[in-house]
Visitor: 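This is the structure I want to talk about, given as structure tokens.
The analysis underlying the following values was restricted to heavy atoms, covering all of them including side chains, and did not include hydrogens, waters or symmetry mates. In what follows, residues are counted from 1 in the order of the sequence shown.
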Amino acid sequence: MNESKHNKMVAAITVNVVILIAVLMAVIIYQLVNISVLTSRRDKLKAEVDTIEKKIESMEESLDYYKSAVS
């Protein structure tokens, strides 16, 4: 293989490796952003569940009070 072909092949391989690294970095960044968004959403949903559970407990206490008043 002469020098010119060797240099062209090395250049092509280098370009392909750089493109591959760029694509992989973009995928990693996308995944990190996605994880961050989902974590935030999960935290909001947990807070909402806690609020609803407190409301349920309050309503159960009211229900128990009214049941005892009727009995």
Visitor: At what distance, to the nearest 0.5 angstrom, does CG of Asp50 lie from NZ of Lys55?
Guide: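 The CG atom of Asp50 sits 12.5 Å away from the NZ atom of Lys55.
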
Visitor: Report all side-chain donor-acceptor pairs from residues 11-19 shorter than 3.5 Å, counting only partners two or more places apart or in another chain.
Guide:
residue, atom, partner, partner atom, Å
Thr14, OG1, Val10, O, 2.7
Asn16, ND2, Ala12, O, 3.2

Visitor: Distance from Asn34 atom CG to Ile29 atom CD1, nearest 0.5 Å?
Guide: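 Result: 13.5 Å between the selected atoms.
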
Visitor: To the nearest 0.5 Å, tell me how far Ile56 CD1 sits from Leu63 CG.
Guide: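 Answer for the CD1-CG pair, Ile56 versus Leu63, is 12.5 Å.
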
Visitor: Is atom CZ of Arg41 surrounded by more than 12 heavy atoms (other residues, nucleotides or ligands) closer than 6.0 Å?
Guide: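 No, the 6.0 Å shell around CZ holds no more than 12 heavy atoms from other groups.
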
Visitor: Who pairs with Leu24 by side chain to side chain contact (heavy atoms under 4.5 Å, CB included), at least two apart in sequence or on another chain?
Guide: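 Leu24 satisfies side chain to side chain contact (heavy atoms under 4.5 Å, CB included) with Leu20 only.
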
Visitor: Say you draw a straight line from CD of Glu60 to NZ of Lys67; how long is it, rounded to the nearest 0.5 Å?
Guide: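 Glu60 CD to Lys67 NZ: 9.5 Å, rounded to 0.5 Å.
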
Visitor: To the nearest 0.5 Å, how far apart are CZ in Arg42 and NZ in Lys46?
Guide: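 Answer for the CZ-NZ pair, Arg42 versus Lys46, is 4.5 Å.
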
Visitor: Mind checking what makes side chain to side chain contact (heavy atoms under 4.5 Å, CB included) contact with Ser36, not counting sequence neighbours?
Guide: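 Result, side chain to side chain contact (heavy atoms under 4.5 Å, CB included) vs Ser36: none returned.
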
Visitor: Do other residues, nucleotides or ligands put more than 12 heavy atoms under 6.0 Å from Glu48 CD?
Guide: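 No, CD of Glu48 has 12 or fewer neighbouring heavy atoms, counting only those of other groups under 6.0 Å.
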
Visitor: Looking at NZ of Lys54 and CE of Met59, how far apart are the two atoms once the value is rounded to the nearest 0.5 Å?
Guide: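 Reported value, rounded in 0.5 Å steps: 15.0 Å.
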
